[in-house]
There are 2 protein chains.
Amino acid sequence: MSKKREQLLNVAEQLFYDYGFHGVGLKQIIQEANVATMTLYNHFSSKDKLVEESIRHREERYWAYMGKVDQHTDIPFVTLAEQHGHFLKDVSPQGCMFLRAIEVYAETNPEIAQIARDHKAKLLRFFEELGESIGIKEHKDFSYQFLLILEGATSMTQITDSEQATAHAITMTKRLLETYH
Amino acid sequence: MSKKREQLLNVAEQLFYDYGFHGVGLKQIIQEANVATMTLYNHFSSKDKLVEESIRHREERYWAYMGKVDQHTDIPFVTLAEQHGHFLKDVSPQGCMFLRAIEVYAETNPEIAQIARDHKAKLLRFFEELGESIGIKEHKDFSYQFLLILEGATSMTQITDSEQATAHAITMTKRLLETYH
DNA sequence: GTTTAGATAGAACGTTCATTCTATTTTAAA
DNA sequence: TTTAAAATAGAATGAACGTTCTATCTAAAC
């Protein structure tokens, strides 16, 4: 993978997250990435394509936190809640970039919105399969409610702080496990 | 209150919600509200002021759902979860406008971000006082987790649908009440 | 009937936007 | 060392942006 391309994706992901997809111009991205205009257009055919790739880029970062959890522990879901909390603290203290993409592009660029939706669907399926594999009763309901807790923690991070949000999410996850185990 | 002003606020709130604050131009708002450019500027001194008032406008609509709940019931929190669900279905099926305002304006217009934050703080305080008044143990923890459930339901509405999200939120609220009652 | 305030349409302003073009320079492989 | 590809700075384009201006018109209030 090209070095310039990587720089562009890192800068774009950060700026899009901080100021919103429509709140950042390509000029700013180009400047902060130390890249020429045509370098951007050689790697990405349009701003919307750059948005697309930025979302995929963040998806990989999220799975770097969640995908490596040891699934053979007794309590992988508590660890997953903790990892989600680390992601909130390190990367995503101001809400969820995927949900924002759905909001902003649902009506204007369905392709982008779908990428974000697919990510959430994949996450839910991941929880369902993991829940089933460790013998959780009604693993579909359990997974839905577990994801609801994580999404709630993401939002609460915007209102209070990630530590508090994560601590409560972990408490709630433990109670959820008691209910469905 | 002026009729034109009300038209502007209704249209602006809807368009800002559907396409994002930066995704809508004043031209579109003016056209859909059937109003002249200068009429908008006579009522609101800038686009940012219109954004501000649109957020306050939506705040009133939210309290119209949540503020009228009979607080002398045994189970006002279940009713509040239901009302939140109605708000999601009727008004807010695509995420939370207040959180989006915080995200987009945190760095560029702190005044707008603060209005949205104040709304969430007020909501949390409302739950805390209500929880204390009906004798809930550790009413602060309870209220935080209740709000986390509602925020989670708002996000899950974007991923699945409001009916499913609300049903799970009510189930979780009932369990939360068992824990803290 | 006259006055006063508000609303109208639409042009104009200066800025920013995404995108394209050009011409030069750097980089890396052959 | 030659060659081809990639990256550069920066100007040019046309559209959209928020905002202001102008000049006409409507509608009550006196």
Side-chain angles (χ1 to χ4, degrees), chain A residues 1-57 100-101 103-105 107-113 115, chain B residues 1-57 100-101 103-105 107-113 115:
Chain A
M1 169 107 58
S2 161
K3 185 188 159 198
K4 297 279 171 186
R5 188 187 150 91
E6 195 63 31
Q7 282 172 23
L8 276 165
L9 282 176
N10 284 328
V11 168
E13 186 196 326
Q14 192 62 49
L15 290 180
F16 286 148
Y17 184 66
D18 286 342
Y19 304 102
F21 299 109
H22 287 137
V24 187
L26 295 183
K27 193 181 174 185
Q28 194 183 351
I29 292 171
I30 284 161
Q31 278 174 349
E32 296 201 19
N34 279 309
V35 147
T37 310
M38 281 314 296
T39 305
L40 187 154
Y41 276 95
N42 283 333
H43 286 293
F44 311 95
S45 59
S46 68
K47 184 184 182 180
D48 276 11
K49 285 289 170 196
L50 177 61
V51 168
E52 256 187 59
E53 295 300 318
S54 299
I55 292 170
R56 291 193 218 271
H57 196 253
R100 219 188 301 172
E103 293 160 5
V104 175
Y105 290 109
E107 311 279 339
T108 54
N109 191 328
E111 200 179 341
I112 294 179
I115 290 167
Chain B
M1 168 104 60
S2 158
K3 185 189 159 197
K4 297 279 171 186
R5 187 186 152 91
E6 196 61 32
Q7 283 173 23
L8 276 165
L9 282 175
N10 283 329
V11 168
E13 186 197 325
Q14 192 62 49
L15 290 180
F16 285 148
Y17 183 67
D18 286 342
Y19 304 103
F21 299 109
H22 287 137
V24 187
L26 294 183
K27 192 180 174 185
Q28 195 184 350
I29 293 172
I30 284 160
Q31 278 174 349
E32 298 202 16
N34 279 308
V35 147
T37 310
M38 281 313 296
T39 304
L40 188 153
Y41 276 94
N42 284 333
H43 286 294
F44 310 96
S45 60
S46 68
K47 183 183 182 180
D48 276 11
K49 286 290 170 193
L50 177 60
V51 168
E52 256 187 60
E53 296 299 319
S54 299
I55 292 170
R56 290 193 218 274
H57 196 254
R100 218 189 300 174
E103 293 159 5
V104 174
Y105 290 109
E107 313 278 338
T108 55
N109 191 328
E111 199 177 341
I112 294 178
I115 292 168

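Here is the naming used below: chain letters follow the sequence lines, and residue numbers restart at 1 for every chain.
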Would you mind reporting whether A:Y19 and B:T108 have side-chain heavy atoms less than 4.5 Å apart?
yes

Flag side-chain contact, heavy atom, 4.5 Å: B:Y105 against B:V51
yes

Once you build an axis from the first five pairs and another from the last five of the helix from C:dA7-D:dT24 to C:dA30-D:dT1, how far apart in angle are they, to 10 degrees?
10°

Looking at the rings of B:F16 and B:H22, which for Trp means the six-membered one, are their centres under 6.0 Å apart?
no

In residues 36-56 of chain A, what residues come within less than 4.0 Å of DNA chain C, judged by heavy atoms?
A:T37, A:M38, A:Y41, A:S46, A:K47

Judged by modelled atom types alone, do B:H57 and B:E6 share a side-chain donor-acceptor pair under 3.5 Å?
yes

Do the charged groups of B:R56 and B:E53 touch, with an N to O distance under 4.0 Å?
yes

Tell me: CZ of B:R5 to P of C:dG6, nearest whole Å?
14 Å

Is B:E111 salt-bridged to B:K49, going by a charged N under 4.0 Å from an acidic O?
yes

Those residues of residues 20-31 of chain A lying under 4.0 Å from DNA chain C by at least one heavy atom
A:V24, A:G25, A:L26

Roughly, in whole Å, what's the span from NZ in B:K3 to P in D:dA28?
11 Å

Do A:Q14 and A:D18 meet the criterion of a side-chain donor-acceptor pair at a distance under 3.5 Å?
yes

May I ask you to test the A:Y41-A:I30 pair for a side-chain heavy-atom distance under 4.5 Å?
no

Hey, does A:L50 have a side-chain heavy atom less than 4.5 Å from the side chain of A:L26?
yes

Tell me whether the NZ or CZ atom of B:R100 lies within the 45° cone about the ring axis of B:Y17 and under 6.0 Å from its centre.
yes

